[in-house]
Amino acid sequence: DHRDLHSFPTRRSSDLASVIGQELFQSGVIPADTDFRIFRDYGNIPGLDIAYMKNGYVYHTKYDDEQSIPAGSIQRAGDNLLAVVLHIAQSEVLADTHSHSKGGVVFFDFLGLWLVYYPEWVGYLLNLVVVAFTVYKTVDKARNSYRFGVTTGVYTKQLLYTLAMQICGCVASFIVVTFIATILDAMVSTMSWYSRPWLIVVLYMFPVVCTVTAVFVFALPRQKKYFQFSDGVWVIESLYFEVSKLVWSLFTLVMTLAHLKSSFFCMVWVLFPSIGRGVLDHMYDKTPAQRRPRDTKWLLIHLGSLLIPLILNMYLILTTFAMFIPIMARAGSGLNPDLIIGYKAAGMTLATISFLCPLAMVMKKPMNIVMSLYVVTFFTVGAVISTRLGFPYSSDETNFAPHRALVIHTDREFYNKDGNMTDSDSGYFMVNLDRNSPGILTGWIPELSRAKEISDKDCERQLYCGMPVY
């Protein structure tokens, strides 16, 4: 709640606090919940929800004990709670809760160092101003395309062609990720990244970079014929920059109109690169006669303008996978978890390289990098399938990632509508919590080969399929 954030520590904070996480939890995407929801939904009581998310591997297992929680985390939670209670007790909120009941806040932490927050209406206004300014600058470049040696019509067509190539790169990336995830699942090598998260980079992120770069390089000769002058390739790079900026602007606008406070993340990807490119245009492309060749200074300014968005993006990637990788061990056996993790990795990689990949246009031999990354991915897939590298679990205390199995000793008695018992049995009821169950346990529990699977007929005949789980 926005009233409580004023009392939340904004300096020397090591906590993760982000409106992105709040909206994800509220959407139901994350299969988890806390007791706070009852107070919020049924008591209409605002507040701060503080939960531990690190080391989700032991969540709801016998290893989930107080020794698994660092003492510093408990101390920090107490400090936060004390600050909130003291602030509320000394504020006017309790005296007039109704007048403080409306309005939201955009908030996020920066690497756990400090908390940034501002009113929701300020966020929406900032988003709209940034989007409007961005669109204006792109339209201005199209109208004054003579500075790039082409007409407005040609420049506009090349913008649309560039957009088509970016869409093709994204679609091709997801196709490649789907292919790899399907192959690993078919070869019973899914979830190899469960105890080795670094495999996600090689299995799914590398192919995305390779695929997008390959599509851009494929399109380059077809665009060069419209910019046949010494620095024409830099104009093409600027086209990809403009398209990426407009795509992020579209995301910002749509999320703002949908009243999603997480739109700040997309806005950051528009604001800082736009500022950097404005500085570069003033320094290197002020007029056609004053155009200067790109040098190391140009590259450093360009990368510097991407620094804050990249930091926030990488921080979000680490946080997301720290949360979702352990969740895949209790997400059930019906879905291929490699598809879920692969798609998340692909989406986040596309965001990361949206302003970086176009630099491949100005490289001398970009396909060398593409082929090298593809070879690394190919051999890694082979190693995952054929070696112990593909085994997903670990009992190492420094890298603990256990397999989950929900086994219930069950004694069942069935009664008819007259109250007479018609049948009874007993046994072990086992719920498959991840994609590898129960097959991965067969070697240790031979009796599993004689286990009876619950069928659709069981569910049609008996309430809750005849099992004591409600």
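FYI, the numbering just counts along the sequence from 1. Keep in mind that what you see is a predicted model, and the values were worked out from it rather than measured.
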Would you mind listing every side chain to side chain donor-acceptor pair (under 3.5 Å) that reaches into residues 381-390, with sequence neighbours excluded? none

Is there a donor-acceptor pair closer than 3.5 Å between any side-chain N or O of Thr410 and the backbone N or O of Ile408? yes

Within the supplied structure, the quantity of interest is the number of heavy atoms (other residues, nucleotides, ligands) at a distance under 6.0 Å from Phe378 CZ; does it exceed 12? no

If you take all heavy atoms of Val384 and Ser189, which pair is closest and at what distance? O-OG, 3.8 Å

Report yes if some heavy atom in the side chain of Thr213 is under 4.5 Å from a heavy atom in the side chain of Leu373; otherwise report no. no

Which value, rounded to the nearest 0.5 Å, describes the distance between Met328 atom CE and Arg330 atom CZ? 8.5 Å

What do the steps show when you test Ile385 against Ile183 for side chain to side chain contact (heavy atoms under 4.5 Å, CB included), and what is the final call? CA-CA 9 Å; Ile385 293 174; Ile183 289 294; 4.1 Å; yes

Does any N or O in the side chain of Asn336 come within less than 3.5 Å of the main-chain N or O of Ala181, such that one atom is a donor and the other an acceptor? yes

Are side-chain heavy atoms of Tyr117 and Val19 found at a separation under 4.5 Å? no

Derivation and outcome, side chain to side chain contact (heavy atoms under 4.5 Å, CB included), residues Thr377 and Ile180: CA-CA 10 Å; Thr377 298; Ile180 295 174; 4.2 Å; yes

Can you name the closest pair of heavy atoms from Val270 and Thr252 and give their distance? CG2-OG1, 4.0 Å

Would you say the side-chain atoms of Asp434 and Tyr393 include a donor-acceptor pair closer than 3.5 Å? yes

Is Gln166 reaching over with its side chain to a backbone N or O of Val243, donor-acceptor style, under 3.5 angstrom? no

Is the side chain of Thr138 donor-acceptor paired with the backbone N or O of Thr134 at a distance under 3.5 Å, no angle test? yes

Judged by atom type as modelled, is there a donor-acceptor pair below 3.5 Å linking the side chain of Glu120 to the main-chain atoms of Lys261? no

Partner set under ring pair (Phe, Tyr, Trp, His ring centres under 6.0 Å) for Tyr240, not counting sequence neighbours: Phe216

Count the heavy atoms of every other residue, nucleotide or ligand shown that sit under 6.0 Å from CZ of Phe251, and state whether that count exceeds 12. no

Of all heavy-atom pairs linking Pro366 and Met363, the shortest is CD-O, 3.6 Å

Taking every heavy atom of Pro392 against every heavy atom of Met191, the minimum-distance pair comes out as CB-O, 2.9 Å

Under a 3.5 Å distance rule, please check whether Thr211 uses its side chain to pair with a backbone N or O of Ala172 as donor and acceptor. no

Below 4.5 Å, heavy atoms only, C-beta onward: do Met348 and Phe321 meet side chain to side chain? yes

Tell me whether the count of non-hydrogen atoms from other residues, nucleotides or ligands lying under 6.0 Å of OH in Tyr343 goes above 12. yes

Can Asp338 and Thr190 be counted as having a side-chain donor-acceptor contact under 3.5 angstrom? yes

Carefully, step by step, assess Asn127 and Met255 under the rule side chain to side chain contact (heavy atoms under 4.5 Å, CB included). CA-CA 10 Å; Asn127 292 350; Met255 294 178 69; over 6 Å; no

Residues which pass ring pair (Phe, Tyr, Trp, His ring centres under 6.0 Å) with Tyr428, listed by chain and number, not counting sequence neighbours: His409

Taking Arg435 for its side chain and Gly334 for its backbone only, find out whether a donor-acceptor pair lies under 3.5 Å. yes

Interatomic distance, NZ@Lys344 vs OG1@Thr320, rounded to 0.5 Å, equals 7.0 Å

Any residue meeting ring pair (Phe, Tyr, Trp, His ring centres under 6.0 Å) with Phe206, in chain and number order, not counting sequence neighbours: none

Looking at the rings of Tyr315 and Phe110, which for Trp means the six-membered one, are their centres under 6.0 Å apart? no

Looking only at heavy atoms, the pair that brings Pro197 and Tyr57 closest together is CG-OH, 4.3 Å

Ser394 and Asp396 side chains, donor-acceptor separation under 3.5 Å: no

Separation between CZ (Phe108) and OH (Tyr118), nearest 0.5 Å, reads 5.5 Å

Working for side chain to side chain contact (heavy atoms under 4.5 Å, CB included), residues Met205 and Ile317: CA-CA 12 Å; Met205 292 185 173; Ile317 290 175; 4.1 Å; yes

Would you call the rings of Phe400 and Tyr63 parallel, tilted or perpendicular if under 30° counts as parallel and over 60° as perpendicular? perpendicular

Quick one: are Val208 and Tyr204 in side-chain contact, heavy atoms under 4.5 Å? no

Can you tell me how far OG1 of Thr442 sits from CD of Glu447, rounded to the nearest 0.5 angstrom? 10.5 Å

Is there a side-chain contact between Leu339 and Thr178 in this structure, where contact means two heavy atoms from C-beta onward sitting under 4.5 Å apart? yes

More than 12 heavy atoms from other groups under 6.0 Å of CE on Met187: no

Kindly indicate whether the side chain of Thr61, heavy atoms from C-beta on, has any atom under 4.5 Å from the side chain of Arg404. yes

Drop me the distance from Phe107's CZ to Ile20's CD1, to the nearest 0.5 angstrom. 10.0 Å

Cut-off 3.5 Å, no hydrogens considered: what does the side-chain donor-acceptor table look like for residues 296-307, sequence neighbours left out?
residue	atom	partner	partner atom	Å
His302	ND1	Arg277	NH2	3.4
His302	NE2	Phe355	O	3.3
Ser305	OG	His302	O	2.6

Could you tell me if the side chain of Val212 sits less than 4.5 Å from the side chain of Thr349, heavy atoms only? no

Within a radius of less than 6.0 Å around CD of Glu453, do more than 12 heavy atoms belonging to other residues, nucleotides or ligands occur? no

Tell me whether Asp281 contacts the main-chain N or O of Gly278 through its side chain, where contact means a donor paired with an acceptor under 3.5 Å. no

Going by side chain to side chain donor-acceptor pair (under 3.5 Å), name the pairs with one or both residues in residues 265-276, residues two or more places apart or in two chains. none

Do Ser192 and Leu389 touch side chain to side chain, with heavy atoms closer than 4.5 Å? no

Take Asp185 and Thr182 through the test side-chain hydrogen bond (donor to acceptor under 3.5 Å, both in side chains) and record every step on the way to the result. CA-CA 5 Å; Asp185 188 51; Thr182 303; over 6 Å; no

So how far is it from Phe133 CZ to Ile275 CD1, rounded to the nearest 0.5 Å? 8.5 Å

For Ser426 and Asp411, which heavy atoms make the closest approach, and how far apart are they? CB-OD1, 4.0 Å

Short question: side chain of Asn313, backbone of Pro309 - any donor-acceptor pair under 3.5 Å? no

